[in-house]
Amino acid sequence: MENKIKGLLLEHSENLFGTQINENIIQFQLTRKDVEGDFTLVVFPFSKLMKCAPTDAANKIGAFLQNQIEEIEKFEAINGFLNLSLKDSFWFETLKSIRQTPNYGYAPENSKPTIMVEYSSPNTNKPLHLGHLRNNFLGYSVAEILKANGHKVIKTQVINDRGIHICKSMLAWEKFSPINDKGERETPSNTGLKGDKLVGKYYVEFDKHFNAEAKSIIEQWNSKNFDGFPKQIIEEFLKFESAKIGKDEKAIQAIEDKIKELAKNQTSLLKEAKEMLIKWEARDPQIYLLWTTMNNWVYEGFESTYKKMGVDFDNLYYESETFLLGKDIVLKGLKDGIFYKKDDGSVWIDLTADGLDEKLVLRSDGTAVYMTQDIGTAIDRFNDYPDLNGMVYTVGNEQDYHFKVLFLILKKLGYKWADNCFHLSYGMVDLPSGKMKSREGTVVDADDLIDEVIEKAAEMTNERGHLEGMSEDAKNELFYQIGLGGLKYYLLKVDPKKRMMFNPEESVDLTGNTGPFIQYAFARINSLIKKANGFSRNFSGNYSISNEEKEIIKILQNFPSVINEAASSYSPALIANYAYELVKSYNHFYQSVKILTEENEDIKNTRLALSEQVANTIHLCLKPLGIESPEKM
RNA sequence: GGUCCCGUAGCUCAGCUGGAUAGAGCAACUGCCUUCUAAGCAGUAGGUCUUUGGUUCGAAUCCAAACGGGAUCACCA
C-alpha cells in the first residue's frame, strides 16, 4: 500500500507539487493510537513545495489519494500529518495473503550467498560460563536469522587447543593430581567430574602453585638472597625497587606488578610449562598423548554443554592445526610492500594513515602472533569453501580493535571479501555484584546456570502448568524448553553491543517481557485451535473489523521487514522485541473478544485464522532465537 | 593520553535512517477467573531522555564539546 502511494505521488508529482519530487521525502509511519487512521503520511516536506499551510497540503494530498485508491476509506489532516484509514476489507485481504505465504517473513532457502558464522570459540582450560552463553546464543541466533533470510550458513568455532596455557593444565595434572589405589591420576571416569571441569580444576591448580612460587621468590629477593638467579634479572629487580622510592601508591602498585611478572618468569613451574610446549611443538609422543587425552576430556564436556544449550556447529577449526597459517601470506605481503621489516627482523604493518597504529604481524624470531594466525585462518576458510561470501565473528567487544585491524589488513592484502567480514561484537555480562572474575570465584558456570533455570521452570510449571496427561519424559522436556527458552530470551532481548546486567532472579522470571510469556501465548493459541476441532480457513471477513484485530494484522504485516532488519544489523534483539510486541497485542485481543464462543461462524473463523497466524509467526520468531515453542504448558 | 562503545522512570531495557503528548517489564498500589490456558488482561503512580551549545518547521534520535561508566592501545591469546 505504501509503495502504491509512493508510486502515485511520484507519478503525479508535477501536478500536485509543481515539481518532480525526490522519493525519500515521502515518509510513512503508523498512526498514533489516539488518532483515527491506519497509517500516516508526513506532509511537512510537501507543504513547503506547495507553498501552503501543512493542513491544507495534507487535505489536498488526501483528496487526491482517496480519489485514486479504492481501499482508502477516509482521511484526516492534523497539522502536518495525513492520517489515512483503510477499508476493513483491505485488512481481511491482507490477512488472507499473509496466511497464503508459507513461512511468511522468511526468504526462500539458499537464495542468498553463503556466510560463515563463528561463535563460541572456547579455551580448553576453562569450563563455559555465562559470558559464553551470551556468545553462543547470539552466534547461533544470528546464524539462524541469516538462514531465515535465505543465506546458506556454515556455523563454526575455533578451538583454542594449544599454547602455553594448555601446557599449564597438563603440567598441573601430572604434578598435583592425587593417585588412587589403582595407581591412576584423576580422570573424568574415576572422579565423575565433567571433563572440562576436571581440566579447568588443574588450570586453577597451576595458577595457585604458580603464584605461591612467585611470591616466595619475591620474598627471597626482598631478603636480599639472590642465589641461583641470573645477574640480569637481579639488576632489573633492583632497578624496580629503587624506582619505588618517592612514588605514590598507584605507581608503586604498578611497579610491584612488574616485579611479580619478573618473578613469575623465574618460577620453575613456568619453565617446565615452556619446556612442555617446546616438546609439544616437536611432537613428543608422550606429551602428545597427554595432550590428546586431556583435550578429549574437555571436548566431551563441552559437547554435553552445547547439547544442553541447543547449539551446534557444521565445522570445527582447531588452533593446533591452523596456528602456522598466515606466515607465508605475511612474507608475501612483505615482498609486495604491504608490510615492512624492522631492524630486529620483526614484521609490521603501518596503519597510521587509517587512523590506527602500527601492528606487529611476525615476531623477530619469525614466529606468528595472534594476528598472523587470524589472517591465515580467514584466507584458509575461503579456500575451504569456494562459495563463501562473508564471515561473521562472534567475539566480545574487547577485541573490537583487533578485528578492525584484521579486516583492514585483509583488505590491503587485496581480498575483496574483507568487506563482507563482520565482527559481531557484544558487551560484557555483569552481575549485580559487579564484574565476573574468575579469581574471585564470581564466575557463573554455564552448566550450573542451565540446571538452575530448568529446575526453577519445573517448580513453576508444576505449580501452574497444564500438565495433565503428560508423561514424565514429556514433562522434563517441557521444563527444559521453558527454562532454557527463558534464559535465551533474557540474554538475547538486549541489544548485543550493549553491556548487560544479568540478574539471576529476573532470568528465571515467567511474567512480563520474558521467554515463557511468549511461549505461553503460543501454547494458549494451540489449545484454542485444538478445541476448535477444525475450522473453516475460508473466512470471508465480512464484518466490521475491531481495532484489536487490525492492530495485530498491522504487526504481522511488518514481520518480513523485522526479519530482514535483524539480519542486516545482526540483532536477535529486534526479533525478540517484535515477538513481545506481537504477543502483547494478541493477549489484549484475546482478553477483549470472544473467539470460540463467538456465535457468528464467519467471525469465529476469522479470529481463529488470525490466532493461528499469530502462533505461526511466534514460532517463526522463536525459532531463529533458538527457543522452542511448546504446544502445551 | 589516543581510539572505540555506552549514558532514557527506583531497577532492567525498548525507541535512535529526525516527526504528533517518550514506551515496556520488574518493584508498589487498584480491579478482572461458576466463559476459549490468569505464565494473562485493564488501570494508578513513576521522566530536566547526563549537561551545554549547534543544525532544523520539528531533536531522545544528527553534529560539537563537557561530565560519568566501560573497553582497547603487548614480540599475550
Side-chain angles (χ1 to χ4, degrees), chain A residues 24 27 29 31-32 34-35 40 42-45 47-48 54 78-81 83 123 160 162-165 319 323 342 344-348 355-371 373-374 396-402 404-405 425 427-428 430 432 435 457 460-461 463-466 482 486 490 493-495 497-503 505-506 509-521 523-532 573-574 576-577 580-581 583-584 586-598 604 607-608 611 632-633:
Chain A
N24 52 31
Q27 292 172 52
Q29 56 187 324
T31 304
R32 284 176 59 96
D34 49 351
V35 177
T40 297
V42 184
V43 295
F44 287 105
S47 71
K48 250 189 198 167
I78 303 177
N79 299 323
F81 300 96
N83 301 320
N123 177 322
N160 186 338
R162 65 162 285 280
I164 187 75
H165 50 286
E319 260 195 56
F323 78 107
K342 285 197 177 169
D344 61 3
S346 56
V347 180
W348 297 71
L356 304 173
D357 303 310
E358 297 185 346
K359 191 83 193 173
L360 176 88
V361 288
L362 220 50
R363 292 193 189 103
S364 51
D365 62 4
T367 56
V369 288
Y370 184 40
M371 188 60 76
Q373 198 184 122
D374 266 8
N397 63 6
E398 65 272 13
Q399 297 202 32
D400 283 355
Y401 183 72
H402 171 79
K404 223 178 189 175
V405 171
S425 161
M428 195 174 292
D430 285 321
K435 222 166 147 173
M460 302 304 276
T461 307
E463 210 172 277
R464 60 178 101 180
H466 301 77
I482 295 173
Y490 185 81
K493 73 176 174 186
V494 182
D495 183 356
K497 72 174 176 230
K498 284 192 179 166
R499 184 178 246 269
M500 72 176 288
M501 173 69 73
F502 182 86
N503 185 329
E505 281 158 36
E506 278 176 19
D509 255 354
L510 309 170
T511 59
N513 189 358
T514 63
F517 172 87
I518 315 268
Q519 289 173 318
Y520 183 75
R524 194 158 64 170
I525 295 173
N526 222 278
S527 137
L528 199 63
I529 305 275
K530 229 177 237 164
K531 282 208 173 129
L574 293 182
N577 290 322
Y580 180 60
E581 198 192 333
V583 166
K584 264 203 349 179
Y586 180 79
N587 284 348
H588 177 66
F589 158 82
Y590 178 87
Q591 308 260 357
S592 57
V593 305
K594 288 192 234 175
I595 300 173
L596 285 181
T597 49
E598 170 60 49
K604 180 171 140 184
R607 289 182 176 159
L608 281 166
S611 301
K632 210 175 152 185
M633 67 187 274

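Throughout, protein chains are lettered first and strands after them, A, B, ... in sequence-line order, and every chain is numbered starting at 1.
- Phosphate contact (OP1/OP2 of B/C57, side-chain N/O of A/K48, threshold under 4.0 Å): present.
- Taking A/E358 as the reference, A/K342 meet the salt bridge (Lys or Arg N to Asp or Glu O under 4.0 Å) condition, with sequence neighbours excluded.
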Per-nucleotide protein contact string for nucleotides 37-45 of chain B, where B marks a base within reach and S marks sugar-phosphate only (heavy atoms under 4.0 Å, - for neither): BSBBSS---
Canonical and wobble pairing (Watson-Crick, G-U, under 3.5 Å) of RNA chain B, dot-bracket with |: (((((((..((((.....[...)))).(((((.......))))).....(((((..]....))))))))))))....
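- When the C1' atom of B/A24 is taken as reference, atom CG of A/D509 falls 14 Å away, rounded to whole Å.
- Listed by chain and number, the residues in a ring pair (Phe, Tyr, Trp, His ring centres under 6.0 Å) with A/H165 amount to none (sequence neighbours excluded).
- At whole-Å resolution of the value, NZ in A/K594 and C1' in B/C36 are 11 Å apart.
- Among the heavy atoms of the strands lying under 4.0 Å from A/Y370 is at least one base atom, whether or not backbone atoms are also near.
- Between A/R363 and B/A77 there is a side-chain polar atom (N or O) within less than 4.0 angstrom of OP1 or OP2.
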Report each atom pair, protein N/O against N/O of nucleotides 10-13 of chain B, whose distance is under 3.5 angstrom.
{"from": "B/C13", "atom 1": "OP1", "to": "A/M501", "atom 2": "N", "distance (Å)": "2.7"}

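- Following rounding to the nearest Å, A/M371 (CE) and B/C73 (C1') show an atom-to-atom distance of 12 Å.
- Considering only side-chain atoms of A/D400, the nucleotide from B/C36, B/G19, B/C4 that sits closest is B/C4.
- One finds no side-chain N or O of A/K435 lying less than 4.0 angstrom from the OP1 or OP2 phosphate oxygen of B/G69.
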Got a list of side-chain donor-acceptor pairs under 3.5 Å for residues 511-518 of chain A, not counting sequence neighbours?
{"from": "A/N513", "atom 1": "OD1", "to": "A/Y489", "atom 2": "OH", "distance (Å)": "2.5"}
{"from": "A/T514", "atom 1": "OG1", "to": "A/L510", "atom 2": "O", "distance (Å)": "3.2"}
{"from": "A/T514", "atom 1": "OG1", "to": "A/F517", "atom 2": "N", "distance (Å)": "3.3"}

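- Side chain to side chain, A/R499 and A/N397 fail the donor-acceptor criterion of an N or O pair below 3.5 Å.
- Ranking B/A77, B/A20, B/C73 by closeness to the A/V369 side chain, first place goes to B/A77.
- Looking at heavy-atom distances under 4.0 Å, A/E319 makes contact with sugar-phosphate atoms alone, never a base.
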